[in-house]
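Below you'll find the structure, written out as structure tokens, and then a few comments.
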Amino acid sequence: MNILVTGGAGYVGSHACRILDKAGHDVWVYDTLELGHRQAALKDKLIVGQLGDRELVPQVLREKKIDAVMHFAAYALVGESVRDPAKYYQNNVVQTLNLLESMRECDVRKFVFSSTAATYGVPKEMPITEASDQRPINPYGFTKLVVEQALRDYAHAYDFGYAALRYFNASGASAGGAIGEDHTPESHLIPIILQVALGQRKEIFIYGNDYPTPDGTCIRDYIHVDDLGSAHVKALERLEPGKGIEANLGTGTGTSVLEVIEACREVTGHEIPATIGERRPGDPPELVANSDFAQKTLEWTPEYMTIRPIVESAWRWHEANPRGYATGTTVS
Ligand code: UFG
């Protein structure tokens with residue numbers, strides 16, 4: 001299929017592009033490069049533009065004979081979404097609706113959407129199934145939920161076939177070490193810990209150790225970014241007009257902040273000083289996926305089932321690219 005990947009120069013999108021490419025799809029990357037990296041995009045496949053551009057997007061959809069859109073482009077910082085919700089609603093909702101309108105105009109009706117565990121808020125039961133209530137606790141989660149609802153309605157009224165894939169904690173770097181995680185500012189746990197190992201930060205601050213969890217630190221479900229990519233390919237191949245696939249993408253294994261730090265110490269051989277700090281507002285104590293539905297429906301099994309190989313892959317990237325893409329890494 002001919003696939004347009006929005007946000008294909010970003011962290012999850014760039015990994016998915018390579019997996020789509022390997023699976024034999026013809027992939028086009030569409031990215032503003034505001035947060036994405038030119039070097040992360042597939043070579044000679046990058047189109048720089050805004051999602052809401054009602055001239056350029058239809059032109060690309062037609063010229064490249066696009067069959068399906070994978071939509072990764074979004075702002076994804078929870079704290080920022082609380083401080084500046086307009087930025088999130090404009091980009092994640094308004095721009096996405098414009099993208100969907102361009103698709104309708106060009107009769108492209110297959111859509112794979114990056115959703116999030118943040119649509120569940122603070123869930124009542126653990127692990128989280130797709131039947132769990134979706135009650136986001138921040139604007140970021142709401143923007144993703146609004147688009148999920150729009151997709152349900154578009155499927156019903158306009159025969160869209162969609163997948164809304166709810167990621168738990170995307171982590172790790174490509175198995176070959178070619179691409180990895182590089183956010184500015186960096187807010188994610190594993191890259192920050194590895195920056196301590198590289199001597200770029202003095203210590204890791206643990207955001208609270210008084211949570212109701214066995215070691216008092218927050219528990220998350222870390223899912224390797226290549227496993228997210230392979231789930232996208234499987235979802236794409238199963239899209240049907242008028243139907244939606246809504247699925248959790250996680251491993252089903254919870255790992256605490258302290259366990260992640262310990263894995264990073266073992267993998268890097270560095271001491272990695274850690275200090276207990278205040279809780280970060282808005283962090284649920286535990287988020288772990290029940291991913292049975294995704295595994296069954298998509299016939300998908302994550303390859304990375306524990307934290308250690310995830311950290312190993314991330315460390316390969318960070319050690320080789322201590323300044324991320326700023327080192328001028330060239331990949332294809
Ligand atoms: N943490 C620390 N110290 C740090 C950074 C993080 O202790 O310096 C802790 C956090 O408190 C959290 C865990 O490490 O308990 C993971 O934090 P991340 O920021 O890496 O990831 P989150 O779980 O907060 O966020 C992820 C995605 C978001 C998504 C959210 C859903 O990155 O996009 O899950 O809740 F919205």
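Just follow the structure's listing: the first ligand is 1, and inside any ligand the first atom is 1.
His15 has its side chain out of reach of Leu228: every pair of non-hydrogen atoms, C-beta onward, lies at least 4.5 Å apart. The closest side-chain heavy-atom distance from Leu189 to Arg220 is not below 4.5 Å. For the pair Asp21 and Cys17, the minimum side-chain heavy-atom distance is 4.5 Å or more.
Two different hydrophobic clusters hold Phe205 and Val196 under the rule that ILVMFWY side chains link at heavy-atom gaps under 4.5 Å. Linking ILVMFWY side-chain heavy atoms closer than 4.5 Å, directly or via other members, places Val5 and Val233 in a single hydrophobic cluster. Residues Tyr11 and Tyr75 do not share a hydrophobic cluster, defined by chaining ILVMFWY side chains whose heavy atoms lie under 4.5 Å apart.
Residue contacts with ligand 1 for Leu287 involve side-chain atoms from C-beta outward but no N, CA, C or O (heavy atoms, distance under 4.0 Å). Looking at Val78 against ligand 1, only its side chain comes within 4.0 Å, counting heavy atoms. Residue contacts with ligand 1, taken as heavy atom pairs separated by less than 4.0 Å, involve Ser187 solely via the backbone atoms N, CA, C and O. Of the heavy atoms in Tyr140, only side-chain atoms (C-beta onward) come closer than 4.0 Å to ligand 1. Only the side chain of Ile204 comes within 4.0 Å of ligand 1, judged by heavy-atom distances. Contact annotation: for Thr217 versus ligand 1, there are no heavy atoms closer than 4.0 Å. Heavy atoms of His188 found under 4.0 angstrom from ligand 1 belong to the backbone as well as the side chain.
Ranking the protein heavy atoms by distance from atom 20 (O) of ligand 1 puts Leu189 N, 2.8 Å first. Nearest non-hydrogen protein atom to atom 25 (O) of ligand 1 is Asn169 ND2, 4.0 Å. Shortest contact from atom 31 (C) of ligand 1 to any protein heavy atom: Ala118 CB, 3.7 Å.
Seen from the ring of Trp300, Lys234 does not count as a face-on cation partner, given the 6.0 Å and 45° thresholds.
Close approach of ligand 1 to Phe205 is summarised as follows: ligand atoms under 4.0 Å from at least one heavy atom of the residue are 2 (C), 3 (N), 4 (C), 7 (O), 8 (O). Of all atoms in ligand 1, numbered sequentially from 1 with element shown, those under 4.0 Å from a heavy atom of Ile206 are 7 (O). Residue-ligand proximity, Cys218 to ligand 1, at heavy-atom distances under 4.0 Å covers atoms 15 (O). Listed by atom number, the atoms of ligand 1 under 4.0 Å from Ala76 heavy atoms are 33 (O). Each of the atoms 10 (C), 11 (O), 24 (O) of ligand 1 lies under 4.0 Å from some heavy atom of Asp283.
Atom 9 (C) of ligand 1 has its nearest heavy-atom neighbour, among Val257, Ile192, Asn209, in Val257. Of the candidates Arg279, Arg280, Arg220, His183, the one placing a heavy atom closest to atom 24 (O) of ligand 1 is Arg280.
Residue-ligand proximity: Tyr222 is placed with a non-hydrogen atom under 4.0 Å from ligand 1.
Contact record, Glu130 with Asn248: OE2-N, 2.7 Å, taken as the closest heavy-atom pair.
Classification of the His71-Phe113 ring pair by plane angle, with boundaries at 30° and 60°, yields parallel. Classified by interplanar angle (parallel below 30°, tilted 30° to 60°, perpendicular above 60°), the ring pair His183/His188 is tilted.
Between the side chains of Glu312 and Tyr304, no donor-acceptor pair of N or O atoms lies under 3.5 Å.
Aromatic rings of Tyr167 and His232 (six-membered ring for Trp) have centroids within the 6.0 Å cut-off, being under it.
Where the criterion is an N or O separation shorter than 3.5 Å, residue side chain and backbone included, Tyr207 meets it with respect to ligand 1.
For atom 2 (C) of ligand 1, a protein heavy-atom neighbour is present inside the 4.0 Å cut-off.
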